[in-house]
Enquirer: 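Sending over a structure as structure tokens; questions will come in a sec.
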Amino acid sequence: MMIVVMQAKATAKQIGEVIRKIEELGFKPHLSKGEEKTIIGVVGNERKIEPTVFTVLSGVEAVIPILKPYKLASREFKSEDTLVSVNGIKIGAAEIIVMAGPCAVESKEQVLKAAQAVKKSGAKILRGGAFKPRTSPYSFQGLGQKGLEILKAAKEKTGLSIVTEVLEPADVNLVSQYADILQIGARNMQNFALLEEVGKINKPVLLKRGMMSTVEELLLSAEYVLSNGNYNVILCERGIRTFEKYTRNTLDISAVALIKRLSHLPVIVDPSHATGDRNLIKPMSKAAIAGGADGLLIEVHPCPEEALCDGYQSLNPEGFEDLMQEVRKIALAVGRKM
Ligand code: PEP
Ligand code: MN
């Protein structure tokens, strides 16, 4: 893959000529309009193309190969940060965006209580699983479409946008009728059929790092979504498996700063699944924001003791309010808004 960098004064016609040439050669053009220059990614298989087929076209400034295995997700392709817009909320900009709510949608009352509480404390997006990926087939599997209806009702009541998980390609259409952001969970990070399906719609996608995946594999999974035409991808560090047993996973804070350097995509942190321990949520949230994360994904339940799923790592509304107050101080200290 290579990128064709257009001259700052290149015309729409010249850009069109380059796009036509890319398509004629059997590749897919990916346009990125920067503040000064337009860049066109030439994406296809490993087949070689001579850079001169583009350098001879008028308006072309340079043709540069991208050497990283992920292309459209790389900073080489796009140097400016990507901002993902969700109903006027911008993820990846100066403001820290917090998504919060229960692990699973259990009832209308539970979701409404959680939604009102997280909204009051400053969350902008409500989370909650309707389709749950459970390790055991005997665990609560979620309410399915009924859960989506409950999320919709909470959105109407509070104005919060919704993020919820989609487990399989056949459900992408259904879930996207309710969700503002489609979540791909850790267990599905390399479900390539699912990644391709969410790549074909234009709803934002929250892609969580697999529990045994490298940063490069995460970025290659993002590439599946981007290369199918959906550029609205938010990455999420949610901890990886290590030999440590006192925490559910090990939060890889270095991944946040690393991804910000390697990629233009926004990155958020989920300290709830990363630690599995409600007492660790506050310190890890502070560390995440200090380390450059663009937002947080936090499990909050109106009554964690009664939760059907992940209660031990869920904050109650008071705990969440305290978290927001403390994280705000860090956000302001590192030049972000909250
Ligand atoms: C979740 O956020 O609901 C979830 C199941 O997390 P993960 O996919 O990171 O385990
Ligand atoms: Mn959970």
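As a basis for the values below, the full set of heavy atoms in this structure was taken, side chains included, without hydrogen atoms, waters or symmetry mates. Computed from a prediction, not measured in an experiment: that's the story for all the values here. Atoms within each ligand, like the ligands themselves, are counted from 1 in listed order.
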Enquirer: Using a 4.0 Å cutoff against the non-hydrogen atoms of Arg238, which atoms of ligand 1 qualify?
Expert: 7 (P), 9 (O), 10 (O)
Enquirer: Among the N/O/S atoms of Asp310, select the one at the shortest distance from the Mn ion (ligand 2) and name it.
Expert: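 Output for this pair reads OD2.
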Enquirer: So is Arg127 touching ligand 1 or not, going by heavy atoms under 4.0 Å?
Expert: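 Checking ligand 1 against Arg127, which is what was asked, there is a heavy-atom contact under 4.0 Å.
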Enquirer: So, does Ser263 use its side chain to make a donor-acceptor pair with the main chain of Ile259 at under 3.5 Å?
Expert: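 Looks like no, no N/O pair under 3.5 Å.
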Enquirer: For ligand 1, which atoms, with element, lie under 4.0 Å from some heavy atom of Gly185?
Expert: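 Those of ligand 1 that fall under 4.0 Å from Gly185 are 8 (O).
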Enquirer: Return the closest protein heavy atom for atom 8 (O) of ligand 1 as residue, atom name and distance.
Expert: Ala186 N, 2.7 Å
Enquirer: Closer than 4.0 angstrom, basic N to acidic O: yes or no for Lys132 and Asp310?
Expert: no
Enquirer: As a test of reading the structure, name the N/O/S atom of Glu299 that is nearest the Mn ion (ligand 2).
Expert: OE2
Enquirer: With a cut-off of 2.8 Å, does Cys309 put an N/O/S atom close enough to the Mn ion (ligand 2)?
Expert: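 False for Cys309.
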Enquirer: Would you confirm whether Asp294, through its side chain, and Val267, through its main-chain N or O, come within 3.5 Å as a donor-acceptor pair?
Expert: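 Yes, Asp294 side chain to Val267 backbone: donor-acceptor pair under 3.5 Å.
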Enquirer: Return the closest protein heavy atom for atom 6 (O) of ligand 1 as residue, atom name and distance.
Expert: Lys208 NZ, 2.9 Å
Enquirer: Starting from atom 4 (C) of ligand 1, what is the nearest protein heavy atom, named by residue and atom, and what distance separates them?
Expert: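 Sorting protein heavy atoms by distance from atom 4 (C) of ligand 1 puts His273 NE2, 3.6 Å first.
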Enquirer: Does ligand 1 have any atom that is closer than 4.0 Å to a heavy atom of Lys132?
Expert: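 It does, in that a heavy atom of Lys132 comes within the 4.0 Å cut-off of ligand 1.
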Enquirer: Looking only at atom types and distance, does a side-chain atom of Asp171 sit under 3.5 Å from a main-chain N or O of Val166, one as donor and one as acceptor?
Expert: no
Enquirer: Do Thr164 side-chain atoms and Ala179 backbone N/O form a donor-acceptor pair below 3.5 Å?
Expert: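 It does not hold such a pair.
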Enquirer: Just by modelled atom types, is the Ile298 backbone N or O under 3.5 Å from a matching donor or acceptor in the Ser272 side chain?
Expert: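 It does not hold such a pair.
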Enquirer: Of all N, O or S atoms in His273, identify the one at the shortest distance from the Mn ion (ligand 2).
Expert: NE2
Enquirer: Keeping Asn316 on the side-chain end and Pro304 on the backbone end, is there a donor-acceptor pair under 3.5 Å?
Expert: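 Side chain of Asn316 to backbone of Pro304: no pair is present.
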Enquirer: Any sub-3.5 Å donor-acceptor pair from Arg127's side-chain atoms to Glu299's backbone N or O?
Expert: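 A pair under 3.5 Å: no.
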Enquirer: Using a 3.5 Å distance criterion without hydrogens, assess whether the side chain of Thr247 forms a donor-acceptor pair with backbone atoms of Thr250.
Expert: no
Enquirer: Which is closest to atom 1 (C) of ligand 1 by heavy-atom distance: Gln183, Arg209, Arg134, Glu237?
Expert: Gln183
Enquirer: Is there a polar contact, in the sense of an N or O pair closer than 3.5 Å, between Glu165 and ligand 1?
Expert: no
